Amino acid sequence: MEQYDIVIVGGGMAGLSAALYAGWLGHKVLLAERQMFGGQIVNADQIENYPGFSEGILGADLVSQLRTQALKFGAKMQYLEITSIEKHHEAFVLESNEDTYGAQSVIVATGGNPRHLGIKGEAELEGLGVSRCATCDGAFFADKPVVVLGGGDTALDEALFLAGIASKVTIIHQTEQPTASAALVKRATGIDKIEWITSASATEIVGSGSVEAVRLNNDTQIVSAAVFIAIGFEPETALLTSLIEIDPMGHAPVDLHMQTSMPGLFAIGSARQGSAGQISSVTGDGVTAAIFSHRYISTK
């Protein structure tokens, strides 16, 4: 069993920031990511509100730079799925799909999974026009009309990317005004290809073999070749349920140091209670958790 000072579970912006600082503080660090380093931010076409980039930066470029920094300070990164976390006396034991790892402290940065609508046609047409990633699937719908469901930053990022591919992009959201940042709303409203339907929700995704339309709660039907669903994320905290009490929304309660009720166990980003959900804030979570993980180890 290989031993580390700090094991970080999840390689999004929060986890990468924690790895950078933990390595900078001189610790032996393992960052385990099961799918894609950077998480959802990799798909962002343009990030305009991250400090230090006045002209904006591609999500993939920001992740690449941060990952390079963390590696520079000695953090080890592996594609691994951590399947369980246990605490034995003063140390943690983490099982994975490949091996077992020991750690003095653990930082959980597992993020979340895309929320589902739970409407007819969503599951049946998944991969047949129903998508949750415009940069992954948008090219399949070149010069065709598409729908984006959601009014937050992620939804508008998707719509802006798709506007360069599709013949028309219809954004449908439940509120009168979108919840996305003013900068994204301004960009989207300035594009002729993008249309808005407000105060409405999808009740069915219609299609036989592929998406053909979206039916709304006002009984109207929008013709569309694809539906991109961007309505938020459910925190992925299953690894923590045997260790601490999770709140009713699935988040891990933490103190100001990002520490859970279990000493040495930290939760950051979308996994923690009270996260603002912004790139800058989850990056700060990672820095905070690394610093106080360092202090925890130093006082053992």
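Just so it is clear, the structure is predicted and the values come from calculations on it, not from any experiment.
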Is Ile85 close to Phe92 at the side-chain level, that is, under 4.5 Å between some pair of heavy atoms? yes
Ignoring hydrogens and geometry, is there a side-chain-to-backbone donor-acceptor pair from His173 to Thr175 under 3.5 Å? yes
Could you go through the side chain to side chain contact (heavy atoms under 4.5 Å, CB included) check for Ile172 and Leu216 one step at a time? CA-CA 9 Å; Ile172 301 169; Leu216 305 183; 3.8 Å; yes
Tell me whether Met249 at atom CE has more than 12 heavy atoms from other residues, nucleotides or ligands lying less than 6.0 Å away. no
Scan residues 149-171 for pairs that pass ring-ring contact (aromatic ring centres under 6.0 Å, His included), counting only residues two or more places apart or in two chains. none
Is the side chain of Gln259 donor-acceptor paired with the backbone N or O of Asp255 at a distance under 3.5 Å, no angle test? no
Taking C-beta and beyond as the side chain, do Tyr21 and Thr288 meet within less than 4.5 Å on heavy atoms? no
Looking at residues at least two apart in the chain, or sitting in another chain, which of them share a side-chain hydrogen bond (donor to acceptor under 3.5 Å, both in side chains) with Asp5? His27, Gln104
Tell me every residue that passes side-chain hydrogen bond (donor to acceptor under 3.5 Å, both in side chains) with Lys168, counting only those two or more places apart in sequence or in another chain. Glu195
Is any side-chain heavy atom of Val227 less than 4.5 Å from a side-chain heavy atom of Val214? yes
For the residue pair Gly150 and Ile171, what are the closest heavy atoms and their distance? O-CG2, 3.5 Å
Least distance between heavy atoms, Ser275 atom then Gly269 atom: CB-O, 3.3 Å
Same cluster (ILVMFWY, side-chain, under 4.5 Å), Ile297 and Val287: yes
With Arg34, which residues qualify under salt bridge (Lys or Arg N to Asp or Glu O under 4.0 Å), at least two apart? Glu81, Glu236
Looking only at heavy atoms, which two atoms of Thr179 and Gly152 are closest? And how far apart? OG1-CA, 3.5 Å
ring-ring contact (aromatic ring centres under 6.0 Å, His included) contacts touching residues 240-277 (sequence neighbours left out): His257-Phe292
Inspect the surroundings of CZ in Phe140 and state if more than 12 heavy atoms from other residues, nucleotides or ligands are less than 6.0 Å away. no
Could you tell me which non-hydrogen atom of Ala252 sits nearest to which non-hydrogen atom of Thr237, and how far apart they are? N-CG2, 4.5 Å
Check the pair Thr100 / Glu95 against side-chain hydrogen bond (donor to acceptor under 3.5 Å, both in side chains), numbers first and verdict last. CA-CA 5 Å; Thr100 303; Glu95 298 287 346; 2.8 Å; yes
Please test Leu184 against Asp157 for side chain to side chain contact (heavy atoms under 4.5 Å, CB included), starting from the C-alpha separation and ending with a verdict. CA-CA 7 Å; Leu184 285 174; Asp157 272 332; 3.7 Å; yes
May I ask you to test the Val106-Leu94 pair for a side-chain heavy-atom distance under 4.5 Å? yes
So do the side chains of Phe228 and Leu162 get within less than 4.5 Å of each other, counting heavy atoms only? yes
Please check if the side chain of Thr260 supplies one atom and the backbone of Leu265 the other of a donor-acceptor pair under 3.5 Å. yes
Please name the pair of heavy atoms, one in Gly56 and one in Gln46, separated by the smallest distance, quoted to 0.1 Å. CA-NE2, 3.6 Å
Test item: Pro235 and Ser270 side chains (from C-beta on) under 4.5 Å apart, heavy atoms: no
Does the side chain of Gln273 pick up a donor-acceptor pair with the side chain of Asp247 at under 3.5 Å? yes
With disulfide (SG to SG under 2.5 Å) as the rule and sequence neighbours excluded, what pairs involving residues 79-133 come up? Cys133-Cys136
Out of curiosity, does Ile229 fall in the hydrophobic cluster containing Val206 (side-chain heavy atoms, cut-off under 4.5 Å, transitive links)? no
Would a line drawn from the ring center of Phe37 to the ring center of Tyr79 be shorter than 6.0 Å? yes
Contact between Leu58 and Ile47 at the side-chain level, heavy atoms closer than 4.5 Å - yes or no? no
Side chain Asn217, main chain Ser201, donor-acceptor under 3.5 Å: yes
How would you list, by chain and number, every residue that makes a side-chain hydrogen bond (donor to acceptor under 3.5 Å, both in side chains) with Tyr4, sequence neighbours excluded? Glu2, Lys76
Are the side chain of Lys87 and the backbone of Pro263 linked by a donor-acceptor contact shorter than 3.5 Å? yes
Can you list everything that forms a salt bridge (Lys or Arg N to Asp or Glu O under 4.0 Å) with Glu126? Sequence neighbours excluded, please. Arg132
Could you state whether Ile246 and Ile268 fall into the same hydrophobic cluster, counting links through intermediate Ile, Leu, Val, Met, Phe, Trp or Tyr residues with side-chain heavy atoms under 4.5 angstrom apart? no
Filter on disulfide (SG to SG under 2.5 Å), then keep only pairs touching residues 212-289, sequence neighbours left out; what's left? none
Nearest heavy-atom pair of Leu31 and Gly10: which atoms, and what distance? CD1-O, 3.1 Å
Begin with the C-alpha distance, continue with both residues' side-chain angles, and end with the deciding distance and a verdict on side chain to side chain contact (heavy atoms under 4.5 Å, CB included) for Ser293 and Ile107. CA-CA 8 Å; Ser293 180; Ile107 300 174; 4.3 Å; yes
Please assess Trp196 against Thr170 for the test side chain to side chain contact (heavy atoms under 4.5 Å, CB included), listing each intermediate value before the final yes or no. CA-CA 6 Å; Trp196 302 75; Thr170 303; over 6 Å; no
Evaluate the side-chain proximity of Met77 to Leu16: yes if any heavy-atom separation is below 4.5 Å, no if none is. yes
List the residues meeting salt bridge (Lys or Arg N to Asp or Glu O under 4.0 Å) with Asp285, not counting sequence neighbours, and say none if there are none. Arg272
Salt bridge (Lys or Arg N to Asp or Glu O under 4.0 Å) partners for Glu98, two or more places apart: none
Going by salt bridge (charged side-chain N to carboxylate O under 4.0 Å, His left out), name the pairs with one or both residues in residues 210-230, residues two or more places apart or in two chains. Glu204-Arg215
For Ala155, is there any backbone N or O sitting under 3.5 Å from a side-chain donor or acceptor partner on Glu158? no
